[in-house]
Amino acid sequence: MEYDAIIVGAGMSGLYQLHLLRGLGMKVLVFEAGSGVGGTWYWNRYPGARFDSESYSYGYSFSQELLEEWDWSEHFASQPETLRYLNHVADKFDLRRDIQFHSRVVAAHFRDGAWEVALEDGSRHSARFLVTAIGPLSAPTMPRIAGVEDFKGQSFHTARWPHEPVSFAGKRVAVIGTGATGVQTIQEVAKTAGALTVFQRTPNWCAPLHNRPIAPEELARIKAGYPEMFARCRETFACFLHTPDPRGTFEVSEAEREAFFEELYASPGFGIWQGNFRDILTDAKANATITDFVARKIRQRVKDPAVAEKLVPKDHGFGTRRVPLETRYYEVYNQPNVTLVDIKATPITRVTPTGIETSDATYAFDIIIYATGFDAITGSFDRIDIRGLGGERLKDRWKDGPQTFMGVMVAGFPNMFMLMGPHTALGNIPRSIEYNVEWVAGLIGFMRERGLSVADATEAAVADWTAHVRAVGTGLLSNEVNSWFTGVNTNVEGKNKRIIARYSGSAPAYRAWCDRVAEGGYREIAMA
Ligand code: NA7
């Protein structure tokens, strides 16, 4: 066997896993498809890409030295800054010498107690352990629209943005898609484009980000407060600085409710989504109050009432899909160089060599931007031919939805550990990543101390966990709406039906479950 462990992906989870497994004295290699580290922050270079989590709550917490030496410049840092940060981490911990770039893994088969990993170039490698650090949002999907290949101008998917700058000055630009990515892209491109046309299928409920630079004295306070801040992130529902308000929506007067909503709308970050009344995401009547509030804001901010109406979602309540955070997004539609096309009313019929045709108009463009999202959660797994015991394909195992043990293991796929796998706690993702990575390192360390070489989650453990995931997902309004949260992607064959794709319990509850397993000596995992 060539390696003790192969890690797939050099994003936030792969980098930290490499660091910890090395610390166990293991021989580890990371395969990374890109030319550099950073995962999400390497690929998503589209204009305007930035955090919606507070920068300091997003960085790694495992190294005091790293915390002290890294200065975040904004409360919600931009993609170039985050990529610089992750490169700094790779250098600081000397990670690059065990990362092989330009190496896309296409297959991983478990055979005779080892994982055989094949790369796109045909080379093969073997390891005892396989750690997938491939991300829940890393397999971009292009829209299924006729003629996409025919367009003669420049076109880009936001997650495959070129490394060189793209100029929009004086250009006719189209953006398709209005999720978190589309919103960030649109508000940036609108600043310089000659004419920007936004093709919107489903409007989302967006709320202000309220980003600002971090002044030096503020940074000093943030750094001094790191222990308390990370302690808070361990206690909150989804590892953000924000967590649900203990009050119910109707336990306060209408005036108090309105004042609270105003306060949240004027506050930075995800407070309005993650720090709202406790029942806002579970009780349809409670949800209707914040939905009405945000609708009023959109109508105030957009001057043309007909355009405002197109931007107000009608088919889902606030917060039941991922809330895009924005900076003057709605005001973009007051600009003379911006047009909004509702493609539910007038669908795109095809992309032509010169632009886009809808059912009632023809548009000419120099640039088309596809902000059409990802084959989320299981998509990055589906793109690798992963086979466990008896040659069983992971894709077949998951054809009716993922079944995992704590989002980390799959019965019959021994020694495969997933970081940010399906049915794990997501939220403010690096916080969840650190926990996941440390849990996996803990299990591998346990095995090595005892001379054990194979670990496989039992079917019973998977059944228990999957039942728990289903139970905590019940009653959540977001599980009754189509979005990547529910595994729906109209551009992918077979992904048009809702599934329970995410773990919707609290992060503390998730960690408590995983801690119990470790403290109990991993009885749910068969080891030999
Ligand atoms: P999302 O949130 O999945 O958004 C994708 C957008 O693209 C959304 O508005 C879609 O409309 C639209 N879309 C997708 N396919 C088509 C076609 N065929 N025609 C027209 N419009 C289409 O992806 P993002 O990249 O914005 O964000 C993903 C996550 O990454 C985000 O939540 C963050 O956590 C980070 P639809 O809503 O399906 O009608």
Side-chain angles (χ1 to χ4, degrees), residues 11-12 39-41 43-46 48-53 58 76 79 82 135-148 156-161 174-187 197-207 209 238 240 269-270 273-274 310-311 313-316 319-326 329 340-351 356-359 368-377 379-380 420 426-430 432 478 481-493 495-496 498 501-502:
M12 278 202 92
T40 288
W41 303 102
W43 295 103
N44 288 271
R45 294 165 187 257
Y46 62 85
R50 68 171 62 247
F51 288 148
D52 284 343
S53 295
Y58 192 100
F76 301 90
Q79 174 272 335
T82 308
L137 293 155
S138 58
T141 45
M142 289 290 284
R144 288 203 281 191
I145 301 172
V148 162
F156 314 101
H157 189 287
T158 45
R160 288 292 177 272
W161 200 264
V175 175
I176 302 179
T178 51
T181 300
V183 166
Q184 289 188 335
T185 306
I186 289 161
Q187 65 198 17
T197 309
V198 175
F199 293 89
Q200 172 190 267
R201 188 164 65 181
T202 314
N204 282 298
W205 295 103
C206 312
L209 174 66
F240 292 105
F270 275 139
W273 186 30
Q274 296 291 322
K310 287 186 200 168
L311 289 163
K314 303 292 185 320
D315 64 351
H316 67 282
T320 61
R321 298 172 114 208
R322 203 287 205 179
V323 174
L325 295 184
E326 47 85 22
Y329 173 66
L340 178 64
V341 178
D342 172 0
I343 54 171
K344 275 227 172 96
T346 55
I348 296 177
T349 44
R350 64 183 183 118
V351 174
I356 292 175
E357 261 178 33
T358 66
S359 59
I368 299 179
I369 299 174
Y370 297 99
T372 44
F374 302 89
D375 185 356
I377 313 235
S380 49
M420 296 297 95
L426 298 174
N428 188 18
I429 230 161
S432 305
S478 62
V481 174
N482 290 352
S483 80
W484 70 260
F485 281 6
T486 46
V488 175
N489 184 325
T490 58
N491 304 308
V492 182
E493 200 68 54
K495 295 216 169 164
N496 50 5
R498 275 179 230 146
R502 295 177 310 146

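Side-chain atoms are counted along with the backbone in the values below, which use heavy atoms only and exclude waters and symmetry mates. Ligands are counted one by one from 1 in listed order, and the atoms in each one are counted from 1 as well.
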Identify which of P140, G179, A159 has a heavy atom lying nearest to atom 2 (O) of ligand 1.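 The option holding the nearest heavy atom is G179.
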Of the listed options K344, R322, H316, R201, closest to atom 14 (C) of ligand 1 (non-hydrogen atoms):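 Closest candidate by heavy-atom distance is R201.
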Atoms in ligand 1 with a heavy atom of [X] nearer than 4.0 Å:
| X | answer |
| --- | --- |
| A180 | 26 (O), 31 (C) |
| T181 | 24 (P), 25 (O), 26 (O), 27 (O) |
| P143 | 17 (C), 18 (N) |
| I343 | 20 (C) |

Under 6.0 Å between the ring centres of W161 and Y46?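 Not under 6.0 Å, so no.
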Are [X] and [Y] packed together at the side-chain level, in the sense that at least one heavy-atom pair is separated by less than 4.5 angstrom?
| X | Y | result |
| --- | --- | --- |
| L311 | Q200 | yes |
| I429 | P136 | yes |
| V198 | K310 | no |

Just checking, is any N or O donor in the side chain of R321 or T202 under 3.5 Å from an acceptor N or O on the other one?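 Not at all, the side chains of R321 and T202 share no donor-acceptor pair under 3.5 Å.
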Please answer whether the main-chain N or O of T178 pairs with a side-chain N or O of N204 as donor and acceptor at a distance below 3.5 Å.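 Yes, the answer is positive, given that a donor and an acceptor are paired below the 3.5 Å cut-off.
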Candidates T141, D375, T486, T490 - the one meeting side-chain hydrogen bond (donor to acceptor under 3.5 Å, both in side chains) with K495: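 Going through the options one by one, the only one that passes is D375.
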Shortest protein contact, [atom] (heavy atom only):
| atom | value |
| --- | --- |
| atom 36 (P) of ligand 1 | T202 OG1, 3.4 Å |
| atom 23 (O) of ligand 1 | G373 CA, 3.3 Å |
| atom 28 (C) of ligand 1 | W484 NE1, 3.8 Å |
| atom 30 (O) of ligand 1 | L137 CD1, 3.6 Å |
| atom 15 (N) of ligand 1 | N491 ND2, 2.9 Å |

Specify side chain, backbone, both or neither for F374, according to which of its non-hydrogen atoms lie closer than 4.0 Å to ligand 1.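 It is the side chain that gets close, since no backbone atom is under 4.0 Å.
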Hey, is I176 touching ligand 1 through its side chain, its backbone, both or neither, going by heavy atoms under 4.0 Å?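 Just the side chain.
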Quick check for you: to the nearest 0.5 Å, what is the distance between [X] atom [atom1] and [Y] atom [atom2]?
| X | Y | atom1 | atom2 | answer |
| --- | --- | --- | --- | --- |
| I356 | I368 | CD1 | CD1 | 4.0 Å |
| S432 | M12 | OG | CE | 11.0 Å |
| F270 | F240 | CZ | CZ | 5.0 Å |

[X], any N or O under 3.5 Å of ligand 1 N or O:
| X | result |
| --- | --- |
| T178 | yes |
| A371 | yes |
| G177 | no |
| T490 | no |

Within less than 4.0 angstrom of ligand 1, does R321 place any heavy atom?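 Yes; R321 lies near enough to ligand 1 that a heavy-atom distance drops under 4.0 Å.
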Determine whether N489 and W484 satisfy the following criterion, side chain to side chain contact (heavy atoms under 4.5 Å, CB included), listing intermediate values before the conclusion. CA-CA 7 Å; N489 184 325; W484 70 260; over 6 Å; no
